[in-house]
Protein chains: 2
Amino acid sequence: MARTREFDREEALDRAMHVFWDKGYEATSLSDLLDAMGIARQSLYDTFGDKHALFLEALDRYETHRLDQLQSCLETAPSVTRAFRDMFEGLVDESEAVKRRGCMGVSAVVELAPHDPELARSIAARQRGLEALFFRALERAREKGELPPSKDTRALARFFVGALQGLRVAATADPKSAALRDMARVTLQVLE
Amino acid sequence: MARTREFDREEALDRAMHVFWDKGYEATSLSDLLDAMGIARQSLYDTFGDKHALFLEALDRYETHRLDQLQSCLETAPSVTRAFRDMFEGLVDESEAVKRRGCMGVSAVVELAPHDPELARSIAARQRGLEALFFRALERAREKGELPPSKDTRALARFFVGALQGLRVAATADPKSAALRDMARVTLQVLE
DNA sequence: TCCTTTCCAGACCATTTGGTCTAAAATAAG
DNA sequence: CTTATTTTAGACCAAATGGTCTGGAAAGGA
């Protein structure tokens with residue numbers, strides 16, 4: 001009868017996610033991963049496959065969490081426009097360290113998507129998922145009179161996907177910059 | 001009397017830039033660089049210092065070219081608003097391969113800025129330079145009546161810096177996506 | 001031709017790399 | 001206690017890594 005799995009798969013994966021988020025894919029070594037995950041080399045290979053497979057799972061976990069957070073924000077905010085405001089201004093208000101660290105999704109896109117078709121497909125699907133989430137929210141906003149009826153909610157949703165990514169890159173580039181707030185402020189003006 | 005330098009430093013640097021642009025910093029090996037640059041190992045070390053120093057020069061070259069291109073676009077377009085339109089729609093109209101490849105500046109930010117203070121400073125300065133370029137252009141637009149007088153040109157300039165980066169990431173993530181055009185279209189609406 | 005300098009072609013270096021393999025230790029049910 | 005399975009602790013592997021070093025080849029002015 002099998003020995004029980006001693007380490008927590010999810011916990012290990014979460015730790016791997018943090019290392020990849022912090023350092024990216026190429027700059028993260030197996031040694032980094034094993035140290036952070038607290039497991040042995042063979043366990044990593046048995047449980048996750050290889051480094052690339054682990055990265056894909058870690059990214060999936062990250063993106064799922066992000067989407068859940070954004071969805072939660074959109075559902076609990078007093079209004080949809082307020083939720084968008086919270087999203088963008090919340091990003092600007094993050095600590096300098098968090099801003100510098102950036103977004104694991106953006107990092108994965110930029111570092112790997114040009115040469116990793118599997119990851120590129122996964123990411124494109126995620127991006128469409130985020131767009132769909134924003135689209136539904138903006139449709140609700142329009143129905144409630146929060147948005148002028150003339151607004152193209154599909155286009156707005158897409159715009160916000162790009163804007164979020166742009167703000168994240170700008171924040172990584174210069175976390176202290178006052179420009180970030182202006183970027184957020186002008187971005188949000190499209191809701192008026 | 002010294003032997004003349006046989007290889008063209010600028011040409012070699014340009015080729016290095018293309019390799020780094022294509023693969024990023026970590027995923028680019030010395031072997032990759034030497035092959036592309038067409039020089040020997042010792043020449044690279046004598047001429048550029050080391051891999052990191054070469055990367056910084058390559059990035060500088062890239063960013064200088066980009067700024068020149070944007071500046072040229074802003075100066076030669078019939079109007080400033082038209083220049084912004086050309087910038088964003090031009091990006092969307094690029095080939096799929098070019099979109100997938102992305103922006104070397106964004107790649108450098110995301111991959112290296114969190115852990116490379118020297119590069120982070122350089123990039124933050126570049127970002128401010130781009131903002132200044134956009135600001136001057138938008139001021140001209142306002143003076144010419146292309147923009148409503150109430151528009152905060154500083155804020156708009158900052159917004160466009162972020163928007164450009166966001167569109168680049170989105171294009172890398174999903175070059176074929178129709179969403180890119182909507183992102184550009186809504187971004188440009190802030191000029192109205 | 002000589003001298004000086006640059007460029008090249010590797011050898012060499014220590015270290016790291018992702019991944020495979022083996023055997024011992026640990027765990028838990030029967 | 002036995003059995004089956006998982007986990008660990010490395011050893012091992014071939015290859016790659018960024019960088020240093022050496023000596024020969026090449027170039028050009030004096």
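The chains referred to below are lettered A, B, ... by the order of the sequence lines, with proteins before strands, and numbering in each begins at 1.
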Candidates A:E94, A:R100, A:R101 - the one meeting side chain to side chain contact (heavy atoms under 4.5 Å, CB included) with A:P175: A:R100
Output the rounded distance in Å from CG (A:D46) to P (C:dC21). 12 Å
With the criterion being N/O to N/O and under 3.5 Å, what pairs connect the protein with nucleotides 13-18 of chain C, and how long is each?
residue, atom, partner, partner atom, Å
C:dG18, OP1, A:T28, O, 3.3
C:dG18, OP1, A:K51, NZ, 2.8
C:dG18, OP2, A:L30, N, 2.8

Send over the distance from A:L34 CG to D:dG10 P, rounded to a whole Å. 13 Å
Sorted by chain and residue number, the side chain to side chain donor-acceptor pair (under 3.5 Å) partners of B:Q189 (sequence neighbours excluded) come out as none
Whole Å only: how far is the CZ atom of B:F7 from the P atom of C:dA9? 12 Å
Taken to the nearest whole Å, CG/A:L44 to P/C:dG19 is 9 Å
Quick test of your reading of the model: are A:E146 and A:R140 salt-bridged, counting only N-O distances below 4.0 Å? no
Assess whether side chain to side chain contact (heavy atoms under 4.5 Å, CB included) is satisfied between B:E10 and B:R61, documenting all intermediate values. CA-CA 9 Å; B:E10 290 307 297; B:R61 180 180 179 83; 2.9 Å; yes
If every non-hydrogen atom of B:P78 is compared with every non-hydrogen atom of B:R82, which pair is closest and at what distance? CD-CG, 3.9 Å
Rounded to the Å, how far apart are B:Q42 CD and D:dG18 C1'? 13 Å
A:E57 meets the side chain to side chain donor-acceptor pair (under 3.5 Å) criterion, sequence neighbours left out, with A:R9
Tell me: CZ of B:F48 to P of C:dT6, nearest whole Å? 15 Å
